[in-house]
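Just so it is clear, the model here is predicted, and its values are computed rather than measured. Ligands are counted one by one from 1 in listed order, and the atoms in each one are counted from 1 as well. Numbers for residues simply follow the sequence, beginning at 1.
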Amino acid sequence: MMAASVKAEEDHAANGNQMLDEGGQSLQDHAGRRTRLKQQPQRALSPEEKLPELDYAGEPLNLSRFLQNGQGQPVLVHIAAAYMSGQNPKVRARQLWGNIVYTQDSDLVAVLMHNGYYNHSLQQQPASMAEVRAVVLPLPPQPAYTSSARNSIRSRAWGTAVEGFSYRVERCYLVSKSGVVSSLEPGPDGAATVVPTFTPAQFERTLNTRAATSSVERRQRTMNEVTVQYNLCNEPRIKYSMAAVADRGLKPSQWTSARLRAEVLVLETHRTRYELSRNAPPPDTPPDAPHTETYRWARCKEAAPLPRLRCVGLPLPEALLDVLEPALAWEDLQWSQLGVSVRGKLYQVVRLHFAKRQPPLGEDAPFLDSGPVAMKQVSLVLEPPVALTTARIGEGLLSLRFPRTCLYASSGPVCVQVLLSGAEPQQLVALRDALNAALLRAMGRPLKPLEPNVLALQQAARGLKRKAHCMSGGSHASGSGWGPAGSACSAGSAGSAGATASSQDVAQQEELAPLSVEQQCVLDLVLSGRSVFFTGCAGTGKSLLLRHIVRRLPPETTFVTASTGLAAAALGGTTLNAFAGIGRADGGREAMRRAASRPEAAGRWRRASALIVDEVSMVDGALLDALEGVARHVRRSDKPFGGLQLILSGDFHQLPPVVRREVASTRAFAFEAACWASCVDASLRLTRVFRQADSGFVDILAEVRAGKFTRAAAAALQQRCSRPLDTSDGILPTKIFTHKADVDDINAQELARCSGERVTFGAQDVGSSEALAACLAPRSLELCVGAQVMLTRNANPRRGLVNGARGVVERFAGTTNRLPVVRFASGEVVTVSKERFTLAAGGRVLAARTQVPLALAWALSVHKSQGATLDRAEISLERAFEPGMAYVALSRVRSLEGLQLTGPINARGLAADPKVLAFYGGLRDAHHFW
Ligand SMILES: Nc1ncnc2c1ncn2[C@@H]1O[C@H](COP(=O)(O)OP(=O)(O)OP(=O)(O)O)[C@@H](O)[C@H]1O
């Protein structure tokens, strides 16, 4: 049935008939039930016409801007007919929490169905239906959200307030294609009960793992494989095998009881999260003594995200738990289709997850105190990235910076820096070597707290007479080669260009901002070995996350690539075509297979365990399919992509694939490739924008991205941003053009016009010249005093010295080794020393170039600007010729204050591809994954 009833608004039988072309005045649901609709349509929604309007696009709505000081403003949401069916993947996944008032990430269509405005079992929307309109009221976050079974849907409960807002539906309307509007009324609460209809266990494959054992108790551990997440109708949807929890196979090491030695099991019912962990043996138990294993069953007081749990330690400290059963025997736990029964009490499990045991990193860790550090008490997780500054080791000084070490302070995660001083130099050298070795090993071993290395650290450090100054937030910059103007280059700047992936490289890694929770979720998924596509608006930190991923995967078997040379160079990788060994890929599939089968390329294909592709949005779908065939052929494996783990990143709302003119008509997105569904296990969306802080600007960019930026809005933006920018500090905005010819002309002309001192910086190169052709840094860089420049490396994010930071060359320092002194828009005046740009594939450095990390920045093309962050830009979009062009250009700047528009925006640049819109409608937000 359509809705419990349709409210009569006006007597208009003729129009009413037009609303439903197939079923006349009734609708039939999948069970064959027919419901007569009593719609009596009205022509207009007069009160709602004045409301702000939003379009539903298959994803949670962002209503935060309509909630101010706890007061919400009603919003009219348009929901296209295509979303109003049981086929909507969000609805099938039953993403809704609450009753009447729902959490912000609850799906609106699911909420409408829960309220009974629309029946979820309707598999197809009526042909004459144009859209549904809902008036929703944003509300402040609630202290808790209750669960309710209504209209055959059970919403979930959540015990704590969530950030942002919540909302409720005020009214709902149905609009026919002929424009007739009918008011819908919600169904009464509990109009239909939730009938469990999931498949009985006998239809599932059964798995008897301990059948051989004669013991009755042991046989209880034998489980049928069952389903634990259900859809709206309480039918199985996502199949978690209970065999993942119960004992698997005949290998004792994989039994759950064995896994619980190194892991804890986190389980969620509809309302609450629980933790099952193995109790440690009593302290003085000899290692070989028979110990009766016991397990703790506890309720989590707070449903924090998993990365946070890892920081406070797993199993969770007792302060965060209500311990329900402190010492269970394994036989007290009985697993069934419904969940787990603990000493006879049943807990209906809807999600479960194994997580590694993790020692706590508490706020009271001794390294936060200044004064002597008791090294044996330090329990930092020693995993990259760790910045080691060894420049002054001869003076007994060494600094260690742990940007990812999340000590949870009340304000959130903080970074830690440890500065050792007054030590014997040779002991510091031993410590440095131990750390370097540990870090290199850690790169190949993700997610392991490396205790042996911490031990090595302790041993090496034992006896050091040291003074340790520790600080959170780390105001001491470490070895990035950046000093105040006129200061000498410090360690970490490129002194030698030896192109080996040595421990030096680890020490010199650029500093990365720590990951947000949702970025960490994606990283965790990648480290679990799954093939992942992650996306998000411009500035949501996709590139930053990729850098973290690159550091965490084993370098020898991870190949870092991108669709464009520029994006590849930014990651220190190669283009996808270069990795594949297929040249320009212009010879057809058979030619590609032959080329990729040549020994060098085939070696890469076979050695690879993971393939990273950045800017996958610019990879043509046909090429992806061809490469998938190549991968299976060369790797002699029938698995999707030859069994390679794919890590794909990009934003399909940005620039589309560049293809040769001859095949332009068949251009397809990568997600249209036939192999996409089988090769990508999870597609996730990052939602938090870091580049822009101004939410008004973020909203404008979101509209441009979705192709909803009207001409009137574009004209208003142009008018607002037509004024020249303030350049009183001498830093001119970068001009961004849609056509490359304009860019080259401007940079050459401006450089020629400069009358100040001129210095040409030659690069020091080692390694393959073919690889060097893709290097981001030029072979020769001519600069002059007054040149407008841009950083091409993240040097020191806390000081604003990031890739794309704009500045002007003030002078050149030094006499023999001249270096440019640059004044940046942030006000910093810095001597920019040379940096080493390495080009690597599969952990092997192919080439390295040592060059000043600057580029001329009078002008840039939109294509070259993709991926950059700019402080100020003067953008010309009159000749935009591709969908996504306006979005890419506008989203480069951090704020409207840094944006100047020199003319109107061409409508072609503002368009959004409908295929992309539809694809994004089905994606999940990253934080919904643990
Ligand atoms: N977790 C984070 N914490 C702090 N800053 C971050 C974080 N993630 C990203 N940033 C910063 O946000 C800015 C944009 O990040 P990044 O370039 O990685 O975004 P992107 O999604 O790749 O953007 P684009 O799609 O435009 O290429 C950068 O300055 C980056 O350092």
Side-chain angles (χ1 to χ4, degrees), residues 305 307 385 403-404 406 411-415 473-474 510-523 533-551 562-564 566-571 612-618 647-656 684-694 697-698 701-702 704-705 736 790-806 824-826 860 862-871 873 875 884-895 898 916 920 926-927:
R404 255 184 51 75
C406 295
S411 55
V414 292
C415 304
E510 65 179 325
E511 189 183 336
L512 296 182
L515 295 178
S516 65
V517 168
E518 59 177 4
Q519 289 168 329
Q520 183 68 42
C521 290
V522 177
L523 176 65
F533 162 64
F534 62 90
T535 184
C537 309
T540 43
K542 299 182 290 298
S543 309
L544 179 103
L545 173 55
L546 264 187
R547 286 193 167 79
H548 278 272
I549 290 173
V550 170
R551 289 186 183 184
S563 53
T564 67
L566 200 68
L571 282 174
I612 293 178
V613 187
D614 192 12
E615 304 287 12
V616 70
S617 42
M618 294 183 76
I647 298 136
L648 311 176
S649 165
D651 178 11
F652 288 102
H653 279 290
Q654 297 189 30
L655 296 172
L684 305 169
R685 187 174 37 194
L686 300 174
T687 53
R688 179 168 167 199
V689 176
F690 287 94
R691 186 174 290 134
Q692 291 88 13
D694 167 7
F697 188 29
V698 171
L701 290 175
V704 176
R705 183 171 192 266
I736 297 188
M790 177 176 90
L791 261 179
T792 54
R793 266 268 161 113
N794 283 327
N796 190 329
R798 262 172 296 109
R799 291 164 67 194
L801 302 177
V802 290
N803 192 350
R806 282 296 327 279
F824 286 94
S826 61
L860 265 184
V862 174
H863 276 82
K864 286 226 160 142
S865 75
Q866 179 155 304
T869 302
L870 294 171
D871 296 321
I875 299 177
M885 253 188 166
Y887 178 60
V888 170
L890 296 173
S891 61
R892 295 310 100 200
V893 287
R894 292 180 194 281
S895 64
V916 174
Y920 273 74
H927 63 266

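Ser649 pairs by the side chain to side chain contact (heavy atoms under 4.5 Å, CB included) definition with Phe534, Lys542, Leu546, Asp614, not counting sequence neighbours.
No side-chain heavy atom of Leu686 sits under 4.5 Å from any side-chain heavy atom of Thr535. Taking the side chain as every heavy atom from C-beta outward, Ile647 and Ile549 approach each other to under 4.5 Å. Two residues are said to be in side-chain contact when any heavy atoms from C-beta on lie closer than 4.5 Å; Gln519 and Arg688 fail this criterion.
Compare Arg688, His548, Glu518, Arg892 by their heavy atoms: the one nearest to atom 26 (O) of ligand 1 is in Arg892. Between atom 22 (O) of ligand 1 and the options Ser865, Ala538, Ser543, the minimum heavy-atom separation is to Ser543. Looking at Gln520, Arg894, Gln519, it is Gln519 that brings a heavy atom closest to atom 8 (N) of ligand 1. Within the set Gly539, Ser516, Ser649, the minimum heavy-atom distance to atom 23 (O) of ligand 1 is found for Gly539.
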> Hey, mind stepping through Asp651 and Arg705 against salt bridge (Lys or Arg N to Asp or Glu O under 4.0 Å) and telling me if it holds?
Replying inline: CA-CA 10 Å; Asp651 178 11; Arg705 183 171 192 266; 2.7 Å; yes
>> Applying side-chain contact (heavy atoms from CB on, under 4.5 Å) to Leu523 and Leu545, what does each step give before you reach the verdict?
In response: CA-CA 7 Å; Leu523 176 65; Leu545 173 55; 4.2 Å; yes
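Contact between Ala538 and Val689 at its shortest, heavy atoms only, is O-CG1, 4.0 Å.
Of the listed residues (Val862, Ile736, Val704), just one forms a side-chain contact (heavy atoms from CB on, under 4.5 Å) with Val888, and that residue is Val862.
Looking at Ser891 against ligand 1, nothing comes within 4.0 Å, counting heavy atoms. Of all the heavy atoms of Gln654, the ones lying under 4.0 Å from any atom of ligand 1 belong exclusively to the side chain.
The N/O atoms of Gly541, backbone and side chain alike, include one that comes under 3.5 Å of an N/O atom in ligand 1. Ligand 1 has no N or O atom lying under 3.5 Å from any N or O atom of Glu615, backbone or side chain. Ligand 1 has no N or O atom lying under 3.5 Å from any N or O atom of Phe690, backbone or side chain.
Within the structure, ligand 1 has Thr540 among the residues with a heavy atom less than 4.0 angstrom away. In this structure, Pro514 is part of the shell of residues with a heavy atom less than 4.0 angstrom from ligand 1.
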